[in-house]
Amino acid sequence: MKTLASLVAVLTLAAAGSASAGEVRIAWGDLDLSTPTGAEAFDARVRAAARKMCRGVPMTAGRADCRAAVREEAVNRLPGAVQVDYALSRVPLVA
């Protein structure tokens, strides 16, 4: 059983080119980020949060940069050991 099951990553970012900041919660406690399946589910949640956070940013003003910042912040907010598990699950296996 995960001891951090109720923990959520909270992101507060000012979108590039936007005067207002936003907040989004990305739940991950129900996922096993040490597995490719769990990591992909987390990635999908982060992508959805990034779309929400960055929807007001014009494409020409750096929407891609905004989405990358959301992803980076989400991963950085994970506890250290979970970050390691997540990173290792994203490494392709070489046979």
If you take all heavy atoms of Glu73 and Arg77, which pair is closest and at what distance? OE2-NE, 2.7 Å

Could you tell me whether a side-chain N or O of Arg67 sits under 3.5 Å from a main-chain N or O of Cys54, the two making a donor and an acceptor? no

Looking at Val70 and Ala49, what are the two nearest heavy atoms and their distance? CG1-C, 4.4 Å

Verify the neighbour count for atom CD of Gln83: are there more than 12 heavy atoms of other residues, nucleotides or ligands below 6.0 Å? yes

Would you mind telling me which of Asp43, Leu88, Val84, Val82 makes a side-chain contact (heavy atoms from CB on, under 4.5 Å) with Leu33? Val82

Would you compute the distance between atom CG of Asp32 and atom OG1 of Thr37 and round it to the nearest 0.5 angstrom? 9.0 Å

Is any side-chain heavy atom of Glu40 closer than 4.5 Å to a side-chain heavy atom of Arg90? yes

Distance check, rounded to the nearest 0.5 Å: Asp30 atom CG versus Arg45 atom CZ? 4.0 Å

